[in-house]
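In what follows, a structure is listed as structure tokens, so that the remarks can point back to it.
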2 protein chains.
Amino acid sequence: MITADEFFPALADPTRLRCLLLLAGEGELCVCELTHALDESQPKISRHLATLREAGIVSDRREGLWIHYRINPDLPGWAREILSTASRANAAAKPFAQDRRRLRGAPTRPPVRCCA
Amino acid sequence: MITADEFFPALADPTRLRCLLLLAGEGELCVCELTHALDESQPKISRHLATLREAGIVSDRREGLWIHYRINPDLPGWAREILSTASRANAAAKPFAQDRRRLRGAPTRPPVRCCA
DNA sequence: ACGATATATATGTCCATACGTATATTTAAA
DNA sequence: TTTAAATATACGTATGGACATATATATCGT
């Protein structure tokens, strides 16, 4: 069972927070989608996801080549509550709106080919 | 207006988190009460409170020698919500229960003389 | 078996930040 | 105007953690 002392440090990094807010809003995303949406390097995203996984905040599911991440459904209620509160509060904020737009495939960028 | 990228790092330090959870539950506390409740050095508590103040998460009010801190009432709703969720969720957890007990004046410790 | 794609991990470096100790500041009282 | 109490800040050090780069692993198609 995760404690507050383990939970909040995991949200303190902007990259991890962006991942979590996307996952909270979208349900399930694979690494390449997150890499594309956040426009960050693959190892960077992967290691941050590993941090979140080791903290028990996200869970992963392999499907062929792809590994899908989601908010860990076994996360205690207060933690899930905090994530949805943060997600709701930041839905309108510019940086997160940009992440969502990139996730969908931005007009100025090549469309997401992976994770069809 | 504080952003999520500024808010969550402030909760990532255990000392700051303990201060915030106490403040969320007790309303207003002075530095010496927090120092006593957390059993930490005065400069340590003071500097962490300064961090929280500079982030806009707490506000302070001088009253003679004492400076009382509280959760900043102008904090956006989502942030206050997250703090009360965390406070409620951790009320029963041992470390925070100990902090509250020390705040009241633990049997094995000298009673709080300051901040009458 | 080989190559390609998706993801993970290892390594070395660098920077932010938490810490202890010492000292400064502010207020009140004698 | 000293003195004491409460709080704040300065400073040097150390360490956790984020980073880029390179490489390893896993899965699938041919």
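Computation of the quantities below employed the complete heavy-atom set of this structure, encompassing side-chain atoms and omitting hydrogens, waters and symmetry-equivalent molecules. Quick note on labels: first sequence line is chain A, next is B, and so on, each numbered from 1.
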(request) Look up atom CG in A/L103 and atom CZ in A/F96, then write down how far apart they are to the nearest 0.5 Å. (result)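 Here the interatomic distance stands at 14.0 Å.
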
(message) I need the A/L29 CG to A/Y69 OH distance, nearest 0.5 Å.
(response)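 Those atoms lie 12.0 Å apart.
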
[X] [atom1] to [N] [atom2], straight-line distance once rounded to whole Å:
{"X": "B/I67", "N": "D/dA5", "atom1": "CD1", "atom2": "C1'", "result": "13 Å"}
{"X": "B/D13", "N": "C/dT17", "atom1": "CG", "atom2": "C1'", "result": "9 Å"}
{"X": "B/D60", "N": "D/dT7", "atom1": "CG", "atom2": "C1'", "result": "11 Å"}
{"X": "A/E40", "N": "C/dA6", "atom1": "CD", "atom2": "C1'", "result": "18 Å"}
{"X": "B/H36", "N": "D/dA5", "atom1": "NE2", "atom2": "P", "result": "17 Å"}

(request) Ignoring backbone atoms, test whether B/Y69 places a side-chain nitrogen or oxygen under 4.0 Å from the OP1 or OP2 oxygen of D/dA6. (result)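 Negative; the distance criterion is not met.
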
(request) Would you mind checking if B/E33 and B/R104 are paired as a salt bridge, meaning a charged N to carboxylate O distance below 4.0 Å? (result)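 Between B/E33 and B/R104 there is no salt bridge, as every charged N stays at least 4.0 Å from the carboxylate O atoms.
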
(request) Return the residues of residues 14-25 of chain B meeting this criterion: a heavy atom under 4.0 Å from some atom of DNA chain C. Order them by number, or give none. (result)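 When residues 14-25 of chain B is checked for heavy atoms under 4.0 Å from DNA chain C, the hits, listed by number, are B/R16.
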
(request) Classify every nucleotide of nucleotides 25-30 of chain C by which part a protein heavy atom approaches to under 4.0 Å, writing B for the base, S for the sugar-phosphate alone and - for neither, in 5'-to-3' order. (result) -SBS--

For [Y], does its backbone N or O pair with a side-chain atom of [X] as donor and acceptor, under 3.5 Å?
{"X": "A/T35", "Y": "A/V31", "result": "yes"}
{"X": "A/R53", "Y": "A/H48", "result": "no"}
{"X": "A/R100", "Y": "A/A91", "result": "yes"}
{"X": "B/R80", "Y": "B/L75", "result": "yes"}

(message) What residues from residues 44-59 of chain A pass a heavy-atom cutoff of under 4.0 Å to DNA chain D?
(response)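 Hits under 4.0 Å, by residue number: A/K44, A/R47, A/H48.
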
(message) Taking salt bridge (charged side-chain N to carboxylate O under 4.0 Å, His left out) as the definition, give me every residue that meets it alongside A/D5, ordered by chain and number, with sequence neighbours left out.
(response)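 None.
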
(request) Only counting residues at least two apart or in another chain, list the ones meeting salt bridge (charged side-chain N to carboxylate O under 4.0 Å, His left out) with B/D99. (result)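 Listed in chain order: B/R18, B/R102.
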
(request) Locate the shortest heavy-atom distance separating A/P9 from B/A12; write the atom from each residue and the value. (result)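 Closest pair (atom of A/P9, atom of B/A12, distance): CG-O, 3.5 Å.
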
(message) I'd like to know if A/Q42 reaches the base of C/dA6 with its side chain, counting only an N/O donor and acceptor under 3.5 Å.
(response)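 Answer is no: no donor-acceptor pair is held.
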
List the atom pairs, with distances to 0.1 Å, where a side-chain N or O of residues 54-62 of chain A and a protein N or O form a donor-acceptor pair under 3.5 Å, not counting sequence neighbours.
from	atom 1	to	atom 2	distance (Å)
A/R61	NE	A/E28	OE2	2.9
A/R61	NH1	A/E63	OE1	3.0
A/R61	NH2	A/E28	OE1	2.8
A/R61	NH2	A/E28	OE2	3.2
A/R61	NH2	A/E63	OE1	3.3
A/R62	NH1	A/G64	O	2.9

